[in-house]
Structures are given as structure tokens and as C-alpha cells.
Protein chains: 2
Amino acid sequence: MPRAGLSTQAVVQAAVEVIDEHGVAALTLAAVAARCGVAAPSLYKHVGGLAELKTQVGIRVLNELADRFAAAAMGRSGADAITALMHAYRAYVVAHPARYAAMPVDPLHHPELAAAGIRQLEVIQAALRPWRLDPAGQVHTIRKLRVIAHGFASLESAGGFGLPEDLDETYRQLIATLLDSLPAHP
Amino acid sequence: MPRAGLSTQAVVQAAVEVIDEHGVAALTLAAVAARCGVAAPSLYKHVGGLAELKTQVGIRVLNELADRFAAAAMGRSGADAITALMHAYRAYVVAHPARYAAMPVDPLHHPELAAAGIRQLEVIQAALRPWRLDPAGQVHTIRKLRVIAHGFASLESAGGFGLPEDLDETYRQLIATLLDSLPAHP
DNA sequence: TCCGTTGGCTAATGTGCGTAGCTTACACGC
DNA sequence: GCGTGTAAGCTACGCACATTAGCCAACGGA
């Protein structure tokens, strides 16, 4: 009985691969165990169960997106930075459509996910700084950016757009319109 | 052995009630059967199985929303009509948050759902008529409306907004910004 | 009243989650 | 090199759910 040498992160990695290949609905402990070359109950040595595994996957995905955010915002500011963030969001979802469906929509309500969610938030807040928005204005602006990014991404990743052509143009228009609606900044 | 007097529509109705009360993840044949006062296998006399039941629920929800659309657009035109449609969308989702999660995002790709999806589309196309958009402009505009409505609704119904106050204002701003971005019409 | 159809049932199978309890590989101390 | 404790694997089991098979009774029309 040689050991497989698993770890929590290895199990999460296998779960992400299962999702990428077969969709989020195919994430079962049986599938993950098979991919790890292990019997299903053995996974309980590394994760608390299916629910916890899904939470871990959520954390992983949130952090991956936060990494992309940080990279996209680096060296940019103002409208340029916001545009780069919005395109980084979409690029991640296009690269990993199934994985996006595993990203929790309300991370701040879950203690384990909150840290990863706040990482994303901070990058956006920094990018908005040049506008010197009042707190309420900042809340509305972040919400509107999120509505557009999430709305577009969830529709695109779920195949919700009938005609695939010109999606870039639609997304560009959405971003441009939102930026135009912000007050001018120096 | 008295009969329960079920029908396909009665089973779908029970499924919608289960979703409303316990969330879309709780939609199981066992739960629907219990609500109907029937053993689970008996449901197969009325629906083909869980997958088909979910499709039927999707059709029901799509049509309910299309009904709201038709009612909201009646007697209005132009920006007034678009605004009414957007608020009808959100009002439906606020009234039935769990049900919204059962609404398929890509109805046009499924023959059984397409008719209900097209009903919605036609109401929006009619409301946009005063702008006399060229076909590409119409596609982009409908997509943008959908991104905003679906993005906002899915975040709101999933508890994705941290602060509940002022959500009306955020949504109003999104609609107003989009309408402002359209060319003026006579 | 008779009989075919139809809507209900029980029984059984397969899959998946999760628990209990056993065994053994491996790292560490001597 | 040799115990030995821990932890990583295992099998066996119970439960929930979807689905199929096959039985039986209720209902409605001739």
C-alpha cells in the first residue's frame, strides 16, 4: 500500500482540474479521488468533506483572480487602470469558464472567503482613487463595475450570448459608457 | 389507493414551490413527491425525470418573466418603456430570488426553452424600435441591457452586495447611464 | 357491467456522501 | 539498524436520491 503523497492543496488542485474538464456540476469526491489515484474516503484525511472542498476551490479561484487584478493594475492609473482590470476579469473567465462558476458571489459573507474577496476590492479601490469619490459614490461605482464585469462574464461563460461575434465590442462599450459617467478627474 | 390527481403542470408547480422555499439546490424528486403526497417513482408518470423537470421549471420561469415584461411595456415607449422593463426584471427577481437561479441563461440553445426566450426578446426589440438602431447596434444594446439586468439581479438574489441600502440608486444609475449612451431619438 | 388505460404503489439497482474502524508506510529517536 | 507513534491509506457500512421494473387498482367509456 504505497502512499499517494496527497495534501489539501493537491486535492484542491485536482478538484479545479475536474471542474475545468467536466464542469462544476461534475465536482464529486469520487471524481477527485479517482484523479488523485485514491479511494474516496481517503480524501477526508485532507479536506473536511465536499462542502469544505468547494469552499477551498472558491478561495483558490478568488485568489487567482485577485492575482490577475494586481498584475493588471500595476503601473496604470485612472481610466487606464479600470479598463485593464475589467479586461483582466473577462480574460480570466474566458480562460477558465467552468472555474468561474465555482467562484462564490458573496465572499464577504463567509469568513474563509472574505480575505480573498477583500484583496480584489482593494485593487479596485486603489484604481478609483484619482477620482476622489465620496464614500457613497465609491460604493455605487464599484457596484456598477462589478455588475458589468460579472454580468458579462457569467453570461459569456454560460454561453448566454447567442451570436459570438463582436463580444469584444459590446464589452468595450459597456466599460466606456461607465467611465464616461464618472466625474472628470485631474 | 385514492389518486392524487397530479398532472405535469401540478408537478412543475410543486417544484417551483420547493425552490421558493428551500432554494434551487433543494429541488429533488423526493422533495417534490413529498409535497405532492406521492411516492417518488410516481412522478415519472408526469415528467421524464429530474433533468426534464428542471427544464420545465425553466420554461415556467422564463414565461413568468416574459409576462411581466409584456405588462410593463404596455402603454409605454422609448426610454420610459426600457426603464419599466428593467425595473420589471429586477422586481421579479426580488420577489422570487431562488426561482431566478432556476432560470436558464442560454434559453435559445435549447429547443424547448427557445420559445419562451424569444418572447422576452421581442418585447425588448419593440421597446427599442423608436431609436431605429441598425441591426448591429440593436444587438449591442440588447446585450448591454441584459448584462446590467442579469448582472445586478444575480448579484442581488445571491446576496452578493455587501450593503443593502441604496441598491435602488445603483440600479437607477446603471439604467440612466445606458440610456444616455444611446443616440437621441425623435 | 366490463375492460383498457392510466396513475399510483413496492422492490431493487446504482451512485454519491460521509463515518467507523483497521492496517501499514514512514519519519524520528535511540 | 531498530522500534514506535502518527497519519495516510484502506474496506465495510449506512443513508439519501434517481431511476427502472413490474404489479395493482381506479376511472371512464363502450
Side-chain angles (χ1 to χ4, degrees), chain A residues 1-61 98-99 101-104 110 112-113, chain B residues 1-61 98-99 101-104 110 112-113:
Chain A
M1 196 204 304
R3 298 202 172 179
L6 285 184
S7 67
T8 299
Q9 283 313 304
V11 173
V12 172
Q13 176 61 34
V16 169
E17 290 168 10
V18 168
I19 289 172
D20 282 346
E21 286 175 24
H22 303 105
V24 75
L27 177 59
T28 69
L29 290 182
V32 174
R35 172 171 287 267
C36 293
V38 131
S42 305
L43 296 178
Y44 285 82
K45 300 289 178 174
H46 305 285
V47 292
L50 184 61
E52 193 202 287
L53 179 56
K54 285 177 178 170
T55 301
Q56 293 296 323
V57 169
I59 294 172
R60 167 84 64 106
V61 174
R99 214 179 285 189
M103 192 173 101
H110 191 301
E112 292 222 63
L113 302 168
Chain B
M1 196 202 305
R3 297 202 173 178
L6 285 184
S7 64
T8 299
Q9 283 312 304
V11 173
V12 172
Q13 177 62 32
V16 169
E17 290 168 11
V18 168
I19 289 172
D20 282 346
E21 287 175 24
H22 303 104
V24 75
L27 176 59
T28 68
L29 290 182
V32 173
R35 173 170 285 268
C36 292
V38 129
S42 305
L43 296 178
Y44 285 82
K45 300 288 177 168
H46 304 286
V47 293
L50 184 60
E52 193 203 287
L53 178 57
K54 286 177 176 168
T55 301
Q56 294 296 322
V57 168
I59 294 172
R60 167 83 64 108
V61 174
R99 212 179 289 188
M103 192 173 101
H110 191 302
E112 292 223 63
L113 302 168

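Here the structure is a predicted model, which means the values were calculated and not measured. Quick note on labels: first sequence line is chain A, next is B, and so on, each numbered from 1. Heavy-atom basis, side chains included; hydrogens, waters and symmetry copies ignored.
For A/R3, the side-chain atoms get nearest to C/dC26 when compared with the rest of C/dC26, C/dG7, D/dC10. Listed candidates were D/dT11, D/dG9, C/dC17. Nearest to the side chain of A/A39 is D/dT11. Closest to the B/K45 side chain, of the nucleotides D/dT19, C/dG16, C/dG7, is C/dG7. When distances are taken from the side chain of B/L50 to each of C/dG8, D/dT19, C/dG18, the shortest belongs to D/dT19. In this structure, the nucleotide among C/dT19, D/dT19, D/dA8 sitting nearest to the side chain of B/P41 is D/dT19.
B/E17 and B/Q13 form a side-chain donor-acceptor contact under 3.5 Å, judged by distance and modelled atom types alone.
Under a 3.5 Å cut-off, the side chain of B/T8 and the backbone N or O of B/V47 do not form any donor-acceptor pair.
Between the NE2 atom of A/H46 and the CG atom of A/L53 there is a distance of 12.0 Å, given to the nearest 0.5 Å.
The side chain of B/S42 places no N or O atom within less than 4.0 Å of a non-bridging phosphate oxygen (OP1 or OP2) of C/dG7.
Of the two residues near DNA chain D, B/T28 and A/H46, the one whose nearest nucleotide lies more 5' is A/H46.
Other residues, nucleotides and ligands contribute at most 12 non-hydrogen atoms within 6.0 Å of the NE2 atom of B/H22.
Atom CG in B/L27 sits about 12 Å away from atom C1' in D/dC17, given to the nearest Å. Nucleotide D/dA8 holds its P atom 9 Å from the CG atom of A/L6, rounded to whole Å.
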